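For reference, the structure is listed below as structure tokens.
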Amino acid sequence: MLHQTVIQIRAQANKLIPIPLPKLIEGEGAITQTALALTELGGIKPLIVTDAMLVKLGIAKHLTDALDAANIAYALFDEVTPDPTLQLIGNGLQEYKRNGCDSVIALGGGSPMDCAKAIAAAAVKNVDAKKLVGMLRVRKALPPFIAIPTTAGTGSEATLVAVVTDPVKKQKFTIIDPSLVPAVAILDPLLMLGLPAKITAETGIDALTHAIESYIGYHATEQTKAYGYDAVKRIFANLPTAYADGRNVEARRQMSIASFNAGVAFTRASIGYVHAIAHQMGGYYHIPHGLANAVILPHILDFSFENALCRYAELAIAAGLATAEDTQVAAAHKFVAGVKALNKTLNIQTDFPELKANDIAELAKRAVREAYCEYPVPKLMNRTQCEALLNKLVAG
Ligand SMILES: NC(=O)c1ccc[n+]([C@@H]2O[C@H](COP(=O)([O-])OP(=O)(O)OC[C@H]3O[C@@H](n4cnc5c(N)ncnc54)[C@H](O)[C@@H]3O)[C@@H](O)[C@H]2O)c1
Ligand SMILES: [Fe+2]
């Protein structure tokens with residue numbers, strides 16, 4: 001009861017706090033438009049926030065070439081590692097200040113994009129990023145900020161969230177503020193052609209999870225449902241191709257749009273238990289975010305079935321798994337079966353070898369606490385139910 005009331009109050013509050021949409025620049029070679037976009041935002045000397053792998057693969061060079069061609073000086077911070085820590089963000093902030101930067105360009109998956117958001121927020125507030133953890137602690141416009149995703153999954157290029165990790169507490173925390181929505185998002189499928197099949201699959205299911213969790217939760221609106229529906233449609237139509245043939249530009253392009261749209265949906269309508277549990281897997285065992293979601297998603301779809309049946313039925317049509325001729329129940333079943341089949345096509349594992357039975361009580365406690373009064377889930381889960389679910393995911 002308390003949960004329902006708080007969720008309803010939050011839904012009303014959400015409507016009062018406008019969330020901006022990034023300006024979208026999309027298509028093959030879109031990265032060449034970065035310099036112009038930066039200049040239009042008033043940026044003169046950006047800090048590029050990326051990871052060493054993207055530099056090694058030559059992906060960062062597409063960006064630096066575009067800036068060089070426009071005679072824009074920049075500083076490069078390429079130390080981001082998966083699941084950025086507060087310490088790492090601090091290092092990036094030092095680089096930003098040391099080089100006299102006035103803007104930020106994030107290039108990479110969710111890890112560089114979130115690290116960049118936290119650096120930019122810490123810079124504008126002139127505080128340690130630790131002080132910004134939580135809701136609406138930034139309340140100030142970021143310096144000119146451009147996000148260029150190189151995975152199609154997190155949707156961070158469209159969201160008001162930065163996920164940061166505290167390795168000591170083995171926990172993920174969020175900085176949530178509308179000012180964290182990037183001013184510009186540049187989606188360039190050519191940057192994603194070499195993304196390994198395994199990461200393509202896992203990040204793709206992260207995007208699917210954003211679309212589904214936002215669609216079935218109580219905060220969904222007609223607008224967020226339209227974005228989520230569109231994302232589900234594009235993901236079912238293109239993720240198997242992007243996985244099997246990574247160099248298929250159109251499949252990559254469709255996935256990049258799907259990820260963006262799913263980001264737009266969930267940043268307004270929130271997420272659910274798949275993420276609440278996946279965050280614990282990331283914080284505790286460093287399991288990649290997309291993989292954690294992919295393993296957990298089918299279980300939560302089963303758990304919420306009766307309460308989310310109508311929405312599943314709608315998504316079954318989006319996914320091309322059912323038609324208007326199907327009954328709602330039949331369509332809903334087809335949707336759950338379709339997600340499970342997609343996981344199989346993508347060779348997603350079905351358990352976590354890292355998960356220790358001894359940790360389950362604490363993990364379940366944290367997951368249930370993260371979701372309670374925060375995530376507008378269609379069906380509440382108690383600790384015992386969460387423990388039972390986690391027990392199914394122990395390997396062996
Ligand atoms: N802010 C948000 O809204 C939001 C939403 C969901 C998840 N997240 C967070 O995002 C992080 C995960 O991001 P991610 O799944 O994109 O992974 P990631 O950024 O950690 O990258 C994973 C790996 O893929 C490599 N990679 C990235 N792009 C590549 C490319 N084009 N070619 C070859 N290799 C490439 C990277 O070098 C890295 O080794 C987690 O910390 C998660 O909690 C944030
Ligand atoms: Fe996610």
Side-chain angles (χ1 to χ4, degrees), residues 19 22 31 49-60 62-63 78-85 88-89 106-118 121 147-166 171-177 180-182 185 187-214 242 246-247 252 255-256 259-260 262-268 270-272 274-283 286-294 296-297 375:
I19 302 172
I31 197 166
V49 180
T50 188
D51 66 44
M53 177 61 82
L54 295 173
V55 174
K56 189 173 157 208
L57 293 173
I59 292 172
H62 293 284
L63 174 59
D78 66 358
E79 293 169 23
V80 181
T81 45
D83 303 329
T85 60
L88 183 80
I89 293 159
L107 175 78
S111 299
M113 286 193 283
D114 286 7
C115 184
K117 285 178 177 180
I148 310 175
T150 63
T151 61
T154 70
S156 182
E157 68 277 10
T159 75
L160 49 63
V161 185
V163 183
V164 298
T165 300
D166 182 336
Q171 210 160 351
K172 284 188 164 189
F173 294 97
T174 48
I175 303 174
I176 301 179
D177 198 288
L180 261 51
V181 177
L187 311 184
D188 187 339
L190 300 183
L191 307 178
M192 301 177 185
L193 300 184
L195 187 66
K198 185 168 159 35
I199 305 179
T200 300
E202 295 169 4
T203 50
I205 299 288
D206 185 23
L208 180 66
T209 307
H210 297 151
I212 296 174
E213 293 206 296
S214 64
R247 302 205 73 77
R252 292 292 191 187
M255 282 304 300
S256 73
S259 171
F260 178 87
V264 171
F266 94 81
T267 212
R268 287 160 178 76
S270 196
I271 42 180
V274 183
H275 273 82
I277 300 171
H279 287 155
Q280 315 316 320
M281 294 299 152
H286 214 48
I287 293 170
H289 177 71
L291 173 62
N293 279 330
I296 298 161
L297 177 61
Y375 300 160

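Whatever order the structure lists them in is the order used to number ligands and atoms, beginning at 1. One is the number of the first residue; the rest follow in order along the sequence. Everything quoted here is computed from the prediction, not taken from an experiment.
- Expressed to the nearest 10°, the angle at the Fe ion (ligand 2) joining NE2 in H289 with NE2 in H210 is 170°.
- Counting protein heavy atoms only, atom 14 (P) of ligand 1 is closest to G110 N, 3.5 Å.
- Side chain of T209 to backbone of I205: a donor-acceptor contact under 3.5 angstrom is found.
- Proximity of D83 to ligand 1, defined as any heavy-atom pair under 4.0 Å, is shared by backbone and side chain alike.
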**Asked** Please walk me through it: do L63 and I148 pass side chain to side chain contact (heavy atoms under 4.5 Å, CB included)?
**Response** CA-CA 9 Å; L63 174 59; I148 310 175; 3.9 Å; yes

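- The option from T165, L191, T50 that lies nearest to atom 31 (N) of ligand 1, judged by heavy atoms, is L191.
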**Asked** For K198 and L291, what are the C-alpha separation, side-chain angles and deciding distance, and is it a side chain to side chain contact (heavy atoms under 4.5 Å, CB included)?
**Response** CA-CA 9 Å; K198 185 168 159 35; L291 173 62; 4.2 Å; yes

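- Less than 4.0 angstrom separates some heavy atom of L57 from each of these atoms of ligand 1: 32 (N), 33 (C), 34 (N).
- Each of the atoms 37 (O) of ligand 1 lies under 4.0 Å from some heavy atom of M53.
- For ligand 1, the atoms lying closer than 4.0 Å to a non-hydrogen atom of T151 are 16 (O), 27 (C), 28 (N).
- Within 4.0 Å of atom 21 (O) of ligand 1, not a single protein heavy atom is present.
- With T267 contributing its side chain and V264 its backbone, the two residues share no donor-acceptor pair below 3.5 Å.
- Between the side chain of K117 and the main chain of T159, a donor-acceptor pair closer than 3.5 Å is present.
- For ligand 1, the atoms sitting less than 4.0 Å from at least one non-hydrogen atom of L54 are 28 (N), 29 (C), 30 (C), 35 (C), numbered in the order shown with element in parentheses.
- Remark: the S156 side chain and the D114 side chain contain an N/O donor-acceptor pair separated by less than 3.5 Å.
- A donor-acceptor contact shorter than 3.5 Å links the side chain of R252 to the backbone of G246.
- Applying the 4.0 Å criterion to heavy atoms of K172 picks out, from ligand 1, the atoms 40 (C), 41 (O), 42 (C), 43 (O).
- Contacts with ligand 1 closer than 4.0 Å are made by side-chain heavy atoms of D206 only, the backbone lying farther away.
- Proximity of T154 to ligand 1, defined as any heavy-atom pair under 4.0 Å, is shared by backbone and side chain alike.
- Protein heavy atom nearest atom 18 (P) of ligand 1, with residue, atom name and distance: S111 OG, 3.5 Å.
- Protein heavy atom at the shortest distance from atom 15 (O) of ligand 1 is T203 CG2, 3.4 Å.
- Not one N or O on the side chain of S256 forms a donor-acceptor pair closer than 3.5 Å with the backbone of L187.
- If you look at T159 next to ligand 1, the close heavy atoms, those under 4.0 Å, all belong to the side chain.
- Protein heavy atom closest to atom 39 (O) of ligand 1, with residue, atom name and distance, is P82 CG, 4.6 Å.
- At least one donor-acceptor pair under 3.5 Å links the side chain of H279 to the backbone N or O of H275.
- Of the possible polar contacts, one joining the S259 side chain to the G153 backbone as a donor-acceptor pair under 3.5 Å is found.
- Regarding atom 24 (O) of ligand 1, its nearest protein heavy-atom neighbour is I199 CD1, 3.4 Å.
- Looking at D188, its side chain does come within 3.5 Å of a backbone N or O of I31 through a donor-acceptor pair.
- When heavy-atom distances to ligand 1 are checked against a 4.0 Å cut-off, H210 comes that close only through its side chain, counted from C-beta outward.
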**Request:** Given side chain to side chain contact (heavy atoms under 4.5 Å, CB included), test I212 with L297 step by step and report yes or no.
**Result:** CA-CA 9 Å; I212 296 174; L297 177 61; 4.2 Å; yes

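- Distances from the Fe ion (ligand 2) to the N/O/S atoms of D206 are shortest for OD1.
- Contact annotation for I59 and ligand 1: only side-chain heavy atoms (C-beta onward) come within less than 4.0 Å of the ligand.
- Between S111 and P82, the shortest heavy-atom distance links the atoms OG-CA, 3.3 Å.
- In this structure, atom 26 (N) of ligand 1 lies nearest to the protein heavy atom L195 CD1, 3.9 Å.
- Using a 4.0 Å cut-off to heavy atoms of P196, the atoms of ligand 1 that qualify are 33 (C), 34 (N).
- Listed by number with element, the atoms of ligand 1 under 4.0 angstrom from any heavy atom of P112 are 19 (O).
- Shortest contact from atom 9 (C) of ligand 1 to any protein heavy atom: D114 OD2, 3.6 Å.
- Close approach to F266 involves these atoms of ligand 1, each under 4.0 Å from a residue heavy atom: 3 (O), 5 (C).
- Among all protein heavy atoms, the one lying closest to atom 38 (C) of ligand 1 is D51 OD2, 4.1 Å.
- Here T150 has heavy atoms under 4.0 Å from ligand 1 in both its backbone and its side chain.
- Checking N293, T154, T151 one by one against D206, the side-chain hydrogen bond (donor to acceptor under 3.5 Å, both in side chains) holds for a single residue, N293.
- G155 does not count as a contact of ligand 1, since none of its heavy atoms falls under 4.0 Å from the ligand.
- H275 contributes NE2 as its N, O or S atom closest to the Fe ion (ligand 2).
- For the pair A147 and P182, the tightest heavy-atom approach, listed with the atom from each and the gap, is CB-CG, 3.8 Å.
- In this structure, the side chain of Q171 does not engage the main chain of G283 through any donor-acceptor pair within 3.5 Å.
- Under the 3.5 Å distance criterion, the side-chain polar atoms of E213 are matched with a main-chain donor or acceptor of V274.
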